[in-house]
Trainee: 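There's a structure below that I have some questions on.
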Amino acid sequence: MSALGLRSITDVAVLLRGRALSAVDLVREALTRVESRPELNAFTLLMRETALAEAERADTDIGHGGYRGALHGIPITIKDLIDVAGTPTTSGSRVPARIAPADAPVVGRLRDAGAIVLGKTNLHEFAFGTTSEETAFGAVRNPVDSSRSAGGSSGGSAAAVAEGIGFGSVGTDTGGSIRIPAAACGIVGLKPSLGEVDCAGVVALSETLDHVGPLARSVADAALLFQAMKGMSVHAIAPAGGALTFGVPRPYFFDRLEAETRACLELALRRVRDAGYALREVTIEDAPITPDVYLHICLPEASCYHADRLAEHADLYSPGVRLRLEMGRYVLAEDYVRSMRLRNRLRAGVDRALERCDGLLLPALPIPAPKIGATTVNVGEVDMPVRAAMLSRTQLFNITGHPAIALPAGRGTDGLPRSLQLVGPRGRTARLLEVAAALEGVIH
Amino acid sequence: MTVESWLSSAIADAERRGLPALKPLLETLARSTEALRRAAAAVSEGEPGPLPGKKPE
């Protein structure tokens, strides 16, 4: 097995365009990698034949001068919560799946850009969890340490990308489900601004919190995928130049961190400062109410979406997912409305923290990837539920809609990845990516 | 409806539906609802300063 699968899209695209490499080679390499790590459980469906056929077509088209851009002939994967024409959208569940009549628009746009769908990736059932353990396809294991979770809910996507199986993946993020597994596996995960990437053809978890975005091994690759997902022309981004200022919201977000996570993130912040960027301490007002607001939005929206399935197939859900969905049925409408009002206040608080800043820097996860089977983790000398700990630094930006990206920030002495999160102004995801590209080489 | 009366009727309903495992989750939700209502009340009363809340979990 060569290192081809771990190269960047830009590098490989040059070879594909010049016909020094074929898309068929890339797909075969990815398939070999899947076979070499079966214990990861990264896939719910591997689309060997169709991927090879698409690769042959891409090679032919490129050979005839029909090169479509940097994603032409590039194998990617799709979280199995998103429709891919003619395949079941299982959502990682035993609940009967729908057969997708068509590609979700986001998948169609990636195909239009020339990307090849290699398969569908495993996930926490119905995206309702952070560890990708509750799934009908077996717990997704972390490629760095297979005794640990790959994070979730887009765990299969992150594990595949980290292992060099495909050059990127399409994930979804309702409370951190792109950024959390990206952080756990040591890759890049982008949650765009709310509403920026079409959620049609995607099984909803919480319709006002759901986002779709890319996971990749670099910011540059994530940018290419994001552009295609929006239907824009695909082009390489330039890292943001000049003086940049970052806000560091220490209260709440840095209060409780696992010790080595804190050490890695403080080192990353020092490197940012040493690179000549300015850091200023900021406070996100009212951040401590985030989990309460989140819970009273996410639970009832998820229960509403699942009401019919739950009535018919309750016993087919994983016990934990079913209980969370049942819990949502008891949230009162008045408390949902209270949450929506507080949501506006939180959004304004993040906007204010971003004033005079190019972005906010904070942890993506307060802990490294947890052991599979763990229900509690120790964070800053306090034991807390794994799910609550993993959501604690990401869910605010699903509520507020600000774009956010998880960036690799080194490894602890345990060898496990740690991750820094960059948050930018709403509606300015393209700028966030440019700023992230400037930071990427500095912090890692 | 007070959180207390909501919680007792929710637990009774969950038990009637054969879901006793929901009880601890509903108790957690009740604590969160109380925090949410305190924050919402503080906003509507125009209390200055940060809203009541908890440390990150």
Trainee: Under 4.5 Å heavy-atom distance to chain A, tell me which part of B:R38 shows up: side chain, backbone, both or neither.
Mentor: neither
Trainee: Between A:L323 and chain B, which part of the residue has a heavy atom less than 4.5 Å away: side chain, backbone, both or neither?
Mentor: both
Trainee: Carefully, step by step, assess A:V293 and B:L36 under the rule side chain to side chain contact (heavy atoms under 4.5 Å, CB included).
Mentor: CA-CA 7 Å; A:V293 172; B:L36 181 86; 4.0 Å; yes
Trainee: Could you check whether any side-chain heavy atom of B:V43 comes within less than 4.5 Å of a side-chain heavy atom of A:R341, counting everything from C-beta outward?
Mentor: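 Sidechains of A:R341 and B:V43: no contact.
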Trainee: Between A:H296 and B:R37, is any pair of side-chain heavy atoms under 4.5 Å apart?
Mentor: no
Trainee: As an exercise, state the distance from CD1 of B:I11 to OH of A:Y330, rounded to the nearest 0.5 Å.
Mentor: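 It comes to 10.0 Å.
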Trainee: How about CD on A:E266, more than 12 heavy atoms from neighbouring residues, nucleotides or ligands closer than 6.0 Å, or not?
Mentor: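 Check passes, neighbour count above 12.
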Trainee: Heavy-atom count around A:R280 CZ within 6.0 Å, excluding the residue itself: above 12?
Mentor: yes
Trainee: Could you measure the distance from the CG atom of A:D335 to the CE atom of B:M1? Nearest 0.5 Å is fine.
Mentor: 10.5 Å
Trainee: Using 0.5 Å steps for rounding, measure from the CE atom of A:M327 to the OG1 atom of B:T28.
Mentor: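 The OG1 atom of B:T28 is 7.5 Å from CE of A:M327, to the nearest 0.5 Å.
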Trainee: Against chain B, label A:R387 side chain, backbone, both or neither, depending on which of its atoms sit under 4.5 Å from a heavy atom there.
Mentor: neither
Trainee: In terms of heavy-atom proximity below 4.5 Å to chain B, should A:T283 be classed as side chain, backbone, both, or neither?
Mentor: neither
Trainee: Please tell me if the side chains of B:L29 and A:L299 come closer than 4.5 Å, counting only heavy atoms from C-beta onward.
Mentor: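 Yes. Closest side-chain heavy atoms under 4.5 Å.
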Trainee: Less than 4.5 Å to any heavy atom of chain A: does that hold for the side chain of B:L19, its backbone, both, or neither?
Mentor: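 The side chain, not the backbone.
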Trainee: Heavy atoms only: give me the nearest B:A35-A:D292 pair and the separation to one decimal.
Mentor: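 Heavy atoms of B:A35 and A:D292 come nearest at CB-OD2, 3.4 Å.
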Trainee: Look at atom NZ of B:K23 and say whether more than 12 heavy atoms of other residues, nucleotides or ligands are closer to it than 6.0 Å.
Mentor: no
Trainee: Does CD belonging to A:E381 count more than 12 external heavy atoms closer than 6.0 Å?
Mentor: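 Atom CD in A:E381 is not packed in, count stays at 12 or less.
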